[in-house]
Amino acid sequence: MTTSTTAVDTAPRRPLWQRLPVIAQLRQSVGLQRGMLVAGLVITTIFVLTAIFAPLLAPYGYAELRNEDGLFGATEPPSAEHWFGTTQGGYDVLSRLIWGSRTALLVIIVAVAASLVVGVLLGLISGYFGGSLDRVMVVIADAIYSFPSLLLAIVLAIVISKGQSSLWGGILAAALSITVVFIPQYLRVTRAEVVRIKNEAFVESARVIGSSHVRIMLRHVLRNSTRTLPLILTLNASEAILTLAGLGFLGFGIEPTKAAEWGYDLNKAVPDVTAGIWWTSVFPGVAIVLVVVGLTLMGESLNDLADPRLRKRAAGAEPVEDLGMDDDAADAGVADVPGAAANRGGEVK
Amino acid sequence: MTETTATEPAPKAPAKREKKSGGGSLGRYLAVRALLIIPTVFILVTTVFVLMRATGDPITAAQGGRLPADQLAERIHAAGYDRPLIVQYVEYLGNLLQGDFGTTLSDHRSVTSVFTTFGSATLELAFYALLIAFALGIPLGRYAAFKRDRPADAVLRVLAILAYATPVFFAGLLLKLVFSVWLDILPVAGRASTRTELQLHKLDNPTGIYLIDAIRTGDGAIIGDVLQHAILPALALGLLTAGVFLRLVRTNVISTFGAGYVEAARSRGVSERRLLRKHAYKPALIPIVTVVGLQVALLLGGAVLTETTFEWKGLGFQLAQYLQARDFVAVQGIVVLLAVIVAVTNFIVDVIAALIDPRVRY
């Protein structure tokens, strides 16, 4: 996902595939950081593959209650027929787990794509034109950003679906709620980059030769402002899953007959836990944790690699090797990424 | 500015940088920051109102389909929801200014009374959770930074990621499964056992914060019961925040470790351990203050889920109940109230940060 959506700048230094985000960082990383990045990539790949091939992998449908031998039965413990047991409602846990990855992936894609487009565009306009428009946008973005995202998502879910959810209704409700929560983050990060870049000599020159604002924004500023986006993307993807699960847990999930959703399944599993029935909650829970861990590992290591103070170099490695990435990473210092709470930092001037 | 700018609060950083030239006094900073609360709250209130009402009125949403059309219209008219939206909006703002957050549809209470009844439980839970987060996150983050890139650091980082990646309700369910069901040493849910609750209700002017009330009864069994009930919910919510603190402290200690004044001390032969304790650690804590403000938003969101998992009868639990009942007036009221709390807490935190760190000013 990350590799295909963001094509970075155009300097003809290395072959294209080596300059793609993630791959470039993979080449740059060493030791523990490489281990984390690889682990993250592997988990994320498995998740995406599961989502794509869900119909082939899942033993039953997500809303299937019976096979040729009759009903599955409610809260059956794990067995040969039902590896992960069955739920209170009589669904097969494993099948809902596998189908649930599809729902999660769809929500991530819609949410991240929508907030990326809107947030980056607003950030570009806000940072490029400045002035009172910029102030107003920053105040609004800050107001929304400071708000508990789950509550905002609840409000939006009420608005969009009125609490009732079909597959696409539910996915769109969850995705759009998450989108609104994320827009301020993209806006802020893009804006910070744009403010930094718009005073550079090459932008001045473009202005002098009479390029239009739109051309300068898209061609000169935007293309140089995408440095930190891949890592926010991964961090937001993991937040998207958590928000979706939170919504599902509060009963704004997608109806079990329309699609499988892990948060909803966990909500239904709360009474089971008290009765000692563990398989209905542990498996969907672990699925959420694994996917979020995978995405976070990726995001964290990308973040560390973008920050020269946190990047670890191979002992005695040629520094020339990664100059291309280093230069601009070094002048901006810490990436100002709202998603990475660990790295909330200012800019090194 | 050197690397220690990691201590700036990120949210306001972009706007502030441009104005920074003059330095500015603390008084001016406080005034500007206090005034900024007004647009923040106003924007949130307006956003929530517009969103909730743009698509229909709460009575139709709650009763939709269950009442005949004429009765529905009558009730909508009685509640004034058929007037132009702008009139309702102005009236709503006026009521808010007088502290009236509306009356719930399902049980006809004022949202303010819901808040006073259940707010103390949420406050208590959030306090325990923050305590756990500080107690675990800060020392472990410092240790991870000290052992940077060694196995201990790797393990702690993975644990921090796990703490972040585990949804609070799943952490809650796991804790319940292990400690309440399998080991059977802690209660499954609730804030206290029925007997204790009865005892606590007998007090004059109960604070609603069970621990304080329990201490006032002076009965050790009651205090123990209240604490036992608090352990699992506080752990579930606290671990989430502990992970954030751990990562933050680690990153900041690492960056202050490389700062010029630490290098200078190192070149004078100060031991690594002392460098960590005396030089690098304290400046790295400043950003924690600002992040605590942001954690309040996370804690309140997490509290909704934690309280639902443990039937901890606080605001979040109540919010989930109103959501189930499709009582959107109550939901809107609670959401707006929480927004105000977040805005005010962020203000207080920024004031503290400005008092500690003179660079954080307009």
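Everything quoted here is computed from the prediction, not taken from an experiment.
Residue B:Arg157 holds its CZ atom at 9.0 Å from CG of A:Leu297, rounded to the nearest 0.5 Å.
With a threshold of 4.5 angstrom between heavy atoms, B:Val335 approaches chain A through its backbone and through its side chain. Contacts of B:Leu305 with chain A are made by both backbone and side-chain atoms, with heavy-atom separations under 4.5 Å. Looking at B:Leu177, both its backbone and its side chain come within 4.5 Å of chain A, counting heavy atoms on both sides. Both the backbone and the side chain of A:Val286 come within less than 4.5 Å of a heavy atom of chain B. Both the backbone and the side chain of B:Leu173 come within contact range of chain A, judged by heavy atoms closer than 4.5 Å.
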Show the numbers, then the answer: is there a side-chain contact (heavy atoms from CB on, under 4.5 Å) between B:Thr308 and A:Phe249?
CA-CA 9 Å; B:Thr308 311; A:Phe249 186 73; 4.1 Å; yes
Checking side-chain contact (heavy atoms from CB on, under 4.5 Å) for the pair B:Tyr164/A:Leu242: CA distance, chi angles, key distance, verdict?
CA-CA 10 Å; B:Tyr164 161 80; A:Leu242 290 176; 4.2 Å; yes
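Counting heavy atoms from C-beta outward, B:Phe170 and A:Ile288 have side chains that stay 4.5 Å or more apart. Between B:Pro39 and A:Ile140 there is no side-chain heavy-atom pair separated by less than 4.5 Å.
Considering all non-hydrogen atoms of both residues, A:Ile154 and B:Leu319 come closest at CD1-CD2, 4.4 Å.
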